[in-house]
Amino acid sequence: MIITSLDGVDAFIDDLLDGEDDYSTLAEVYSQDREVTPSGFPDHQLMVCASKTLGLGLVSYMDANGNFTSVGSPETRTKPTYHFVSNMTQFADHSEIPIVLVRQAVKEFFTSGGRRPTCLEWQPETFGA
């Protein structure tokens with residue numbers, strides 16, 4: 001999917017929330033406004049997760065400065081797991097945030113040219129460690 005507007009961001013998140021099962025809850029997002037590495041791959045990655053059942057999601061961002069995941073409240077799950085097709089990814093404790101914040105972060109990513117959103121608090125991510 002190519003997102004070309006803020007309405008497209010909402011449609012993208014709605015698609016994640018409306019997935020047919022719990023195995024399509026994570027998507028990778030890249031900005032076409034960013035440079036690519038000499039090998040031709042993006043120099044960044046935004047992972048967006050959404051759970052219709054919980055009404056929560058999370059955002060993870062990676063670039064040359066490291067891997068970061070959104071910080072949720074202490075009441076959210078420890079080691080939340082989301083799925084991209086059949087691949088399971090486990091994230092840092094208490095990283096889930098309300099869907100409205102997921103939408104806000106993706107919109108900021110989209111309008112900032114692919115920078116890490118500033119509307120969230122971030123924690124270093126170790127992916128399942």
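Because only heavy atoms are used, hydrogens play no part in the values below, and waters and symmetry mates are left out as well, while side chains stay in. Small disclaimer: the values here were computed from a predicted structure and weren't measured.
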**Asked** Measuring from M88:CE to L26:CG, what's the distance to the nearest 0.5 Å?
**Response** 12.0 Å
**Prompt:** Do L6 and V102 sit in the same hydrophobic cluster, where Ile, Leu, Val, Met, Phe, Trp and Tyr count as joined when their side-chain heavy atoms come under 4.5 Å apart?
**Reply:** yes
**Asked** So, does S70 use its side chain to make a donor-acceptor pair with the main chain of V59 at under 3.5 Å?
**Response** yes
**Request:** May I ask you to establish whether R115 and F109 are in a cation-pi arrangement, using a distance under 6.0 Å from NZ or CZ to the six-membered ring centre and at most 45° from the ring axis?
**Result:** no
**Request:** Taking T111 for its side chain and K107 for its backbone only, find out whether a donor-acceptor pair lies under 3.5 Å.
**Result:** yes
**Request:** Give the intermediate values and the outcome of side chain to side chain contact (heavy atoms under 4.5 Å, CB included) for residues V71 and L120.
**Result:** CA-CA 7 Å; V71 174; L120 302 176; over 6 Å; no
**Prompt:** Do F68 and S60 pass the side chain to side chain contact (heavy atoms under 4.5 Å, CB included) test, and can you show the C-alpha distance, the side-chain angles, and the key distance before you say yes or no?
**Reply:** CA-CA 6 Å; F68 304 92; S60 179; over 6 Å; no
**Request:** Please confirm whether the backbone N or O of N67 pairs with a side-chain atom of W122, one donor and one acceptor, at under 3.5 Å?
**Result:** no
**Request:** Check whether any side-chain heavy atom of D43 lies under 4.5 Å from a side-chain heavy atom of D63, and answer yes or no.
**Result:** no
**E96 side chain reached by Y82 side chain, heavy atoms, under 4.5 Å** = yes
**Fill in**
Distance col, row D10:CG vs R103:CZ, nearest 0.5 angstrom, shows 5.0 Å
**Request:** Go through the steps to decide whether L16 and V48 satisfy the test side chain to side chain contact (heavy atoms under 4.5 Å, CB included), and finish with yes or no.
**Result:** CA-CA 9 Å; L16 277 179; V48 181; 3.9 Å; yes
**Request:** Flag the pair D93 and K79 as a salt bridge only when some basic side-chain nitrogen lies within less than 4.0 angstrom of an acidic carboxylate oxygen.
**Result:** yes
**Asked** Just by distance, do the side chain of H44 and the backbone of S31 share a donor-acceptor pair under 3.5 Å?
**Response** yes
**Message:** Between Y30 and Q45, is there a side-chain donor-acceptor contact under 3.5 Å, judged purely by atom types and distance?
**Reply:** yes
**Request:** Scan side-chain atoms only and decide if S95 and Q123 contain a donor-acceptor pair under the 3.5 Å cut-off.
**Result:** no
**Item:** Polar contact flag, side-chain donor to acceptor under 3.5 angstrom, E125-T69
**Value:** yes
**Request:** For T81 and T89, indicate whether the former's side chain and the latter's backbone hold a donor-acceptor pair under 3.5 Å.
**Result:** no
**Item:** E108 side chain vs C119 backbone, donor-acceptor pair below 3.5 Å
**Value:** yes
**Prompt:** Would you say D18 and K52 make side-chain contact, with heavy atoms under 4.5 Å?
**Reply:** yes
**Asked** When rounded to the nearest 0.5 angstrom, what is the spacing between CD1 in I99 and SG in C49?
**Response** 9.5 Å
**Item:** Between S39 and T37: side-chain donor-acceptor atoms closer than 3.5 Å
**Value:** yes
**Request:** Look at the side-chain heavy atoms of Ile, Leu, Val, Met, Phe, Trp and Tyr, link any pair under 4.5 Å apart, and say whether I3 and Y61 land in one connected group.
**Result:** yes
**Inter-residue atom distance L17.CG - F12.CZ, 0.5 Å rounding** = 10.0 Å
